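Read the structure below first, then the notes.
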Amino acid sequence: MTIKTAGGDIVVTGLEYFDLEQTLRCGQCFRYHALPKGGYLCLAADKAVHAFDKGAGTLVLSGCTYEDFEGFWRGYFDLDRDYAALRRGINADPLLQEAMDACSGIRVLRQDFFETLISFIISANNNIPRIRGIVERLCARFGQPRFIGGETYYTFPRPQDLAARTLEELAPVRAGFRAKYILSAARMVLSGEINEADIRSLPLEKAREILMHIPGVGPKVAHCVLLYGAGRLTAFPADVWIRRVLRESYGGEDCDPAVFGPYAGLAQMYLFHHARITAGRAKAAPGAVMAAAR
DNA sequence: TGGCAGGGTCATA
DNA sequence: TATGACCCTGCC
């Protein structure tokens, strides 16, 4: 990997297994917007950047300082991890191999812990367009304004920005029954009852158990927070899509994720995204059997 | 225009 | 362990 600056942009070349679109659209994050000129506005925690995938392992970041790149985006996009080695650590059967080939550019974003926690609490019994809307309104109401490329965006609220709020104040966000969970989570993080360092370092099951003390956090959301917000690549969020894959191809929903190896979480991302794009194609094809229908 | 389902969790039985 | 309720909006 080589990093250069050119005309105020950060140009990263020589990336293996990197595809910006796959990485953003595989369901691990909710704050990104396609730009008219191509590329994406990526929002994360209190940062924003314009990101352009130029193909052939080249990523161009625009609108951020070199310090922000080094201090934040380089880690966020997981640019320093050797994905070839990671992939070798996955026990790939033919189906998983197909998914790994089709979605080879997915990277596990290293997202902000609190943002990930709140975002996936919001995801419960919800669809992606609506999740994105709720997250956007939450930021617009309780985050701080920032400016990039002449546009205003809002930072993700910090625990202290939400903890003292009331359900009435959250009503315009239209999170529904999840509003009370958002407030509880913010209060538990602010008070230290939920400690990010513990979630990152304790044994996975213990960390998951702690997260599940938060109202609105069940097994699935806890695993999402562990994988996307705490860098725990063994975490294995099993949603309806993955449960269906396990049921149809791995002998049942109770299949132990350990069969995929130490990076089961990454294997899950390949399987999840692959299942969704396959279902999308089946849906788009005229007369296609809805094999992926639940 | 209306009805359904949604990347889950919780309370209750 | 199973079932219904929860908010509300995108989508068919």
Side-chain angles (χ1 to χ4, degrees), chain A residues 22-34 99 103 106 108-109 111 115-138 140-141 165-186 188 194 208-229 235-248 252-255 257 264-290 292-294:
Chain A
Q22 285 182 353
T23 298
L24 294 175
R25 292 185 180 274
C26 73
Q28 60 179 321
C29 65
F30 302 102
R31 288 205 299 153
Y32 58 86
H33 302 276
C103 312
I106 290 178
V108 188
L109 294 175
Q111 299 182 69
E115 176 170 348
T116 310
L117 172 61
I118 299 298
S119 298
F120 281 91
I121 284 175
I122 291 168
S123 78
N125 188 220
N126 218 338
N127 51 52
I128 291 172
R130 182 154 180 255
I131 297 166
R132 287 164 60 95
I134 293 171
V135 170
E136 205 159 297
R137 288 188 291 276
L138 190 72
R141 194 155 279 266
R165 303 295 176 178
T166 62
L167 286 177
E168 289 69 32
E169 287 177 288
L170 239 70
V173 171
R174 303 206 297 280
F177 62 89
R178 307 165 194 85
K180 56 184 180 291
Y181 302 150
I182 294 172
L183 295 183
S184 304
M188 290 171 79
I194 299 296
R208 188 183 79 134
E209 196 181 298
I210 291 172
L211 284 171
M212 285 174 61
H213 286 149
I214 304 169
V217 176
K220 193 272 181 176
V221 170
H223 272 276
C224 286
V225 175
L226 288 163
L227 178 58
Y228 306 131
F236 191 89
D239 57 25
V240 289
W241 292 87
I242 287 297
R243 288 206 303 274
R244 181 173 56 75
V245 171
L246 295 180
R247 205 165 50 236
E248 292 176 359
E253 294 181 12
D254 295 332
C255 151
L266 183 59
Q268 178 271 357
M269 293 171 77
Y270 292 132
L271 288 171
F272 173 76
H273 195 50
H274 184 55
R276 283 176 59 101
I277 54 182
T278 307
R281 275 201 296 267
K283 212 170 168 179
V289 176
M290 288 289 288
R294 268 158 264 181

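Lettering follows sequence order; numbering is per chain, from 1. Bear in mind the structure is a predicted one, so any value in this text is a computation, not a measurement.
Rounded to a whole Å, the CG atom of A/Asp254 is 13 Å from the C1' atom of C/dT1. What separates CG of A/Asp239 from P of B/dT9 is a distance of 10 Å, to the nearest Å. If you take CD1 of A/Ile134 and C1' of B/dG8, they are 13 Å apart, rounded to a whole angstrom. Atom P of nucleotide C/dG10 and atom CZ of A/Arg132 are separated by 12 Å, given to the nearest angstrom. Protein atom CD1 of A/Ile182 is 12 Å distant from nucleotide atom P of C/dC8, rounded to whole Å. Following rounding to the nearest Å, A/Glu253 (CD) and B/dG7 (C1') show an atom-to-atom distance of 14 Å. Regarding A/Leu271, its CG atom lies at a distance of 18 Å from the P atom of B/dG7, rounded to whole Å. Rounded to an integer number of Å, the gap from CG of A/Leu211 to C1' of B/dT9 is 15 Å.
Here A/Pro215 lies in heavy-atom contact (under 4.0 Å) with sugar-phosphate atoms only. Within 4.0 Å of A/Ile214, counting heavy atoms only, lie sugar-phosphate atoms of the nucleic acid but no base atom. Heavy atoms of A/Gly27 sit under 4.0 angstrom from at least one base atom. Across all strands, A/Ile128 comes closer than 4.0 Å to base atoms (heavy-atom distances).
Checking B/dC10, C/dC6, B/dG7 against every side-chain atom of A/Phe120, the shortest atom distance belongs to B/dG7. Taking every side-chain heavy atom of A/Val240 into account, B/dG7 is the closest of B/dG7, B/dG6, B/dC10. Of the listed nucleotides (B/dG7, B/dG6, B/dT9), B/dG7 has the atom at the smallest distance from the side chain of A/Arg276. Of all nucleotides listed (C/dC8, B/dG7, B/dG8), B/dG8 comes nearest to the side chain of A/Ala124. Distance from the side chain of A/Pro129 is smallest for C/dC11 among the nucleotides B/dG6, B/dG7, C/dC11.
Figure legend. B/dG7 is base-paired to no nucleotide; pairs are counted as Watson-Crick or G-U wobble with both atom distances under 3.5 Å.
Between A/Arg243 and A/Lys220 there is no side-chain heavy-atom pair separated by less than 4.5 Å. Contact of the A/Tyr228 side chain with the A/Met269 side chain is registered, since non-hydrogen atoms from C-beta on lie closer than 4.5 Å. Counting heavy atoms from C-beta on, the side chains of A/Leu170 and A/Lys180 never come closer than 4.5 Å.
Using P as the reference atom, B/dC4 and C/dG4 are 15 Å apart when rounded to the nearest Å. For C/dT9 and B/dC10, the C1' atoms lie 22 Å apart once the distance is rounded to whole Å. Across the P atoms, B/dT12 and C/dC7 are found 14 Å apart, a figure rounded to whole Å.
Along DNA chain B, the nucleotide nearest A/Met212 and the nucleotide nearest A/Arg130 are compared for position; the residue whose nucleotide lies closer to the 5' end is A/Arg130.
A donor-acceptor contact under 3.5 Å is not formed by the side chain of A/Asn127 with the base of C/dC11.
Aromatic ring centres of A/Phe120 and A/Phe30 lie closer together than 6.0 Å.
A cation-pi arrangement, defined by a distance under 6.0 Å to the six-membered ring centre and an angle within 45 degrees of its axis, is present between A/Arg132 and A/Tyr32.
Shortest non-hydrogen contact noted between A/Gly216 and A/Val221 is O-CG2, 4.3 Å.
Between A/Arg174 and C/dT9 there is a side-chain polar atom (N or O) within less than 4.0 angstrom of OP1 or OP2.
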